[in-house]
Amino acid sequence: MSEAVPVVVIGGGPVGLTLAMELARRGIETLILEKRERFELPEPRCNHVSARSMEIFRELGLADAIRASGMPDDHPHDVVYATRFAGYELSRLPIPSPGELRRNGNEAPDSWPTAEPPHRINQTFLEPVMWNRVTDFENIRIRWNTQAVSFEERDDLVRITAIDGATGKHEIIDALYLAGCDGSASSVRRALGVRLTGDDQLMTAMMATITAPDLPASRTFERAWMYWILNPDVCGNFITLDGERRWIVNVFLAPGMTPASLDFDGAVRALIGADVAFEVEHKKPWIGRRLLAERFATDRIFLAGDAAHSWLPMGGYAMNAGIADAANLAWKLAGVLDGWGGPGLLQSYERERRPVLEQVSSMVRDVRERQVVPIARELDDAGAAGDRARSELGRYMLETDSVQFACIGLNFGYFYDDSPVIVYDGSLAPPYSLGSYTPASVPGCRAPYFAIDGESIYDRIGAGFALLRFDRTIDVTAIKAARLPLVVIDVENRPAGYETGLVLVRPDQHIAWRGDTLPPALEELYGRVAGGVGQTAA
Ligand SMILES: Cc1cc2nc3c(=O)[nH]c(=O)nc-3n(C[C@H](O)[C@H](O)[C@H](O)COP(=O)(O)OP(=O)(O)OC[C@H]3O[C@@H](n4cnc5c(N)ncnc54)[C@H](O)[C@@H]3O)c2cc1C
């Protein structure tokens, strides 16, 4: 038996790949087991990468390659509400293309406080960019065509049995830690006997990838990235994959309808509203749920991404929540494996992430509830009654639904308010909603973004902790003896949201502590934010 691998990740989807890269940049060796064949594309599910995920991808050296992939650089990312593809535009949420963003100095919509605005790209384009980047890390190995089938947690390691798909042979692999990033049917979660709780059917849809080169010519309004179609016959959407020929189409099933009873081609024709030829490349139903694992972790096994939670694609935030799980978990595993992190660090993963996922999944469920509105029969009619119905529905969707495509709160607003590794000071973090965010340096919040000499503060922070000092007269010499990976960053002008002279930022850019002077018992502070004393700490 060979030596235990520090971390084995089950599942090479977006969350497993992110976790492996987050570990690798901190020098931790990782083995990914992925049951798909080498470079086998995933199903074309996710289409929206949040700004927060793009910030994380930027730190992994991925952001530019992601922006350069998928739709053409100058294709608008607008969302249009329409009666039919060849019908009436109801309303529109304008969203700039990457090219336009770049020309405007990367300003996000409404000047979001970030160097990395959201990006729209299908998962079938995203994952190949990630695979490509993974090969740059010498300490990541991927075993394709390898399915993990059983897991045994011992005091000192996790023993994994996997089957090599090419030979059919069973293999035993030992890991110090195991991450189950193996999607919603997670075998890791099942092996742990962890139940999912929540709503297991909020809606059903049929999703297909279609080739339809003549579709753009049938459109009766300006082009967009997503076309959200509402009419008395059927509701659904079209999402462009390449701006021209290939499209994702989702048909939302009316209550009582099943995928088997759906006339799919007829529904697509009703969504288009014109006689346009299309060829179905791939078709599969999906069920919109809101489910959370009761537990996210044991001592040595962790669940992340869809393995721990899955919900409706509204808000475009399910994968993105998993990317945030990976960013939260990686530095903690690295801290323990490096010896400076104590046992509380790993325990904090579930304590921090689960409440946030509970909150955001409820917000996403509410988006769906608001979408279900009566559709007036006269919506398609030319004339005053039709005009009135269209104007009302267009306004309603823009006012109540479009926030799901610009959900700043889900990106930056969530905070960890009950963590054993954060030092709270009695202040309350500002509340957030889907569409609202108030930058704050309250411990637990994401450190408010700012640029320093034209550079993102997160780039300066790097992979470890950072003490931001907004006043050079504060003595921080004692910090030099820190037993954590820690840099001091001097900032001349205190940006909005920061209230104290010192702010300690964690490797995942959330705030661990703040104050106007260093606490006299620095060891106590280190012990707290590192989850206790690690094996190699003094
Ligand atoms: C219609 C639709 C639209 C969506 N749109 C969005 C969106 O816009 N934004 C968003 O954030 N999310 C979206 N999502 C959700 C998103 O697709 C998922 O949240 C995301 O894929 C989860 O990533 P993951 O890595 O956790 O799991 P997965 O992508 O499911 O990856 C899991 C991987 O594990 C592998 N695996 C499983 N079991 C084993 C095993 N035993 N051994 C080895 N390998 C294994 C699988 O082959 C797979 O590659 C959408 C979902 C749907 C259905």
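In this chain, numbering begins with 1 at the start of the sequence shown. We count ligands from 1, going down the list as the structure has it; atoms in each ligand are counted the same way.
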Presence of salt bridge, D73 and R102, under 4.0 angstrom:
yes
Start with the C-alpha distance between N250 and W286, add both sets of side-chain angles, then the distance that settles side chain to side chain contact (heavy atoms under 4.5 Å, CB included), and finish with yes or no.
CA-CA 9 Å; N250 283 292; W286 55 264; 2.8 Å; yes
Between E352 and K332, is there a side-chain N and carboxylate O pair less than 4.0 Å apart?
yes
Using a strict cut-off of under 4.0 Å between a residue heavy atom and any atom of ligand 1, list the qualifying protein residues by chain and number.
I10, G11, G13, P14, V15, L33, E34, K35, R36, R45, C46, N47, H48, Q123, T146, Q147, A148, C181, D182, G183, S187, M207, W286, G305, D306, P313, G316, Y317, A318, M319, N320
Applying ring pair (Phe, Tyr, Trp, His ring centres under 6.0 Å), run through Y458 and Y449 and close with a yes or a no.
CA-CA 8 Å; Y458 301 156; Y449 171 80; 5.7 Å; yes
Any salt bridge between E34 and R143, counting N to O under 4.0 Å?
no
With a 4.0 Å cut-off on N to O distance, would you call E89 and R219 a salt bridge?
no
